[in-house]
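Since the model is a prediction, treat every value here as computed from it, not as a measurement. Each chain gets a letter, A, B and so on, in the order the sequences are listed, and its residues count up from 1.
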Amino acid sequence: MAVTHEDAAAALRLANEAGERSAMLRGYQSTAPHLILWGVIYAVAYAISYGRPAQANIAWAVLIVAGSVASMVIGGRDRSDRAAGSKKWAIVPALFVTFLAFIMATAAVMQPQDPKQMAAFVPLVVAVAYIVMGLGAGRRIAFAGVALGVLTLVGYFGFPAIFMLWMAVVGGGTLILSGLWLRRV
Amino acid sequence: MDAAASTDGPDEIIHQSLRLRIMATLNALPPNELMEFTRLRAVLGATDGNLGAHLTTLENAGYVRVEKEFVARKPRTRAGITARGRTAFMRHVAYLRELLDRPAAE
């Protein structure tokens, strides 16, 4: 079989495009359950913050720990983590600890006066994380981050009286819908 | 070593464009992971018959494994790349790259 330069270039282009698309879709599949999980956690935790603010702190603590454990289980079941025999699964708890430390350090330095400030800050950081991740892993993840960030700001500045309820419905809903959107690809 | 997987030339089984794209798509998955036929069909924009025929060719070459099962009483077909297939694909891609690196007049 004679393969010309043009044939080789075209074949490599086809192979690269197919491989990149496959990897991107694989990334969407891996990310989707995490988005849905954290969307549900956001919805429940913000709803408690709105309806029962006295129980908000304990509810957030319990839900964050439960969500982190669930994320680790989901990550552990992900074939890409198991198949390579790598330590990739360890990234999830490491990221979680880093994220938590960053939030706590920021709160200590900035001394927010209103619970809404932290309630907006955390999803904004999450939104940035999704945008950064999406730039490499696929634009749908970046879109989810943009939507979460924009809607958080809209709720914070536009509807401060019902901000917690806004985040429960809109913030949690954005993550859940984004996860379903990724899964449909 | 069989002719299809020779290092001296292109892999004649993989070089066909849809089979190349099938192999590239499955090669991007982690080892032992399978992709559903319907998803593969959508990713590649192929028809049932065309994709099925090329998967059979790749399966017969030992490059791809196809698993058929019933899930909730519905048939499900999944395909994944084998270790042999991964090696052949990488070798074919290396051949193409090497060809591109050669002077055009050669």
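- A single hydrophobic cluster is not seen to contain both A/Val128 and A/Val109; linkage of ILVMFWY side chains at heavy-atom distances under 4.5 Å, directly or through other members, places them apart.
- With hydrophobic clusters built from ILVMFWY side chains whose heavy atoms lie under 4.5 angstrom apart, A/Leu153 shares a cluster with A/Tyr46.
- The heavy-atom pair separating B/Ser17 from A/Leu14 by the smallest distance is CB-CD1, 3.8 Å.
- In terms of heavy atoms, A/Ala11 sits closest to B/His15 at CB-CE1, 4.2 Å.
- For A/Arg183, the CZ atom counts as loosely surrounded, since its 6.0 Å shell holds 12 or fewer non-hydrogen atoms of other residues, nucleotides or ligands.
- Minimum heavy-atom separation, B/Leu96 to A/Leu12: CB-CG, 3.8 Å.
- Here the CG atom belonging to B/Leu44 is positioned 8.5 Å from the CZ atom belonging to A/Arg21, to the nearest 0.5 angstrom.
- Neither the backbone nor the side chain of B/His92 has a heavy atom closer than 4.5 Å to any heavy atom of chain A.
- A/Ser22 contributes atom OG, which lies 8.5 Å from atom CZ of B/Arg39 (distance to the nearest 0.5 angstrom).
- For the pair A/Ala23 and B/Ala28, the tightest heavy-atom approach, listed with the atom from each and the gap, is N-CB, 4.0 Å.
- Within the 4.5 angstrom heavy-atom criterion, only side-chain atoms of B/Met35, from C-beta onward, approach chain A.
- Following chains of ILVMFWY side-chain contacts shorter than 4.5 Å, one can reach B/Leu20 starting from B/Met90, so the two form part of one hydrophobic cluster.
- A/Val150 and A/Tyr130 fall within a single hydrophobic cluster, where Ile, Leu, Val, Met, Phe, Trp and Tyr side chains are chained together by heavy-atom contacts under 4.5 Å.
- In this structure, A/Leu148 is a member of the same hydrophobic cluster as A/Met118, with clusters built from ILVMFWY side-chain heavy atoms closer than 4.5 Å.
- Annotation: the span from A/His5 atom NE2 to B/Asp101 atom CG amounts to 8.0 Å, rounded to 0.5 Å.
- For the atom pair B/Thr25 OG1 and A/Glu20 CD, the distance stands at 11.5 Å (nearest 0.5 Å).
- Dense packing is recorded around CG of B/Asn50, with more than 12 heavy atoms of other residues, nucleotides or ligands lying under 6.0 Å away.
- Between the CZ atom of A/Arg26 and the CG atom of B/Leu29 there is a distance of 7.0 Å, given to the nearest 0.5 Å.
- Looking at A/Gln29, the atoms closer than 4.5 Å to chain B (heavy atoms on both sides) all sit in the side chain, from C-beta outward.
- No more than 12 heavy atoms of other residues, nucleotides or ligands shown are found within 6.0 angstrom of OH on A/Tyr50.
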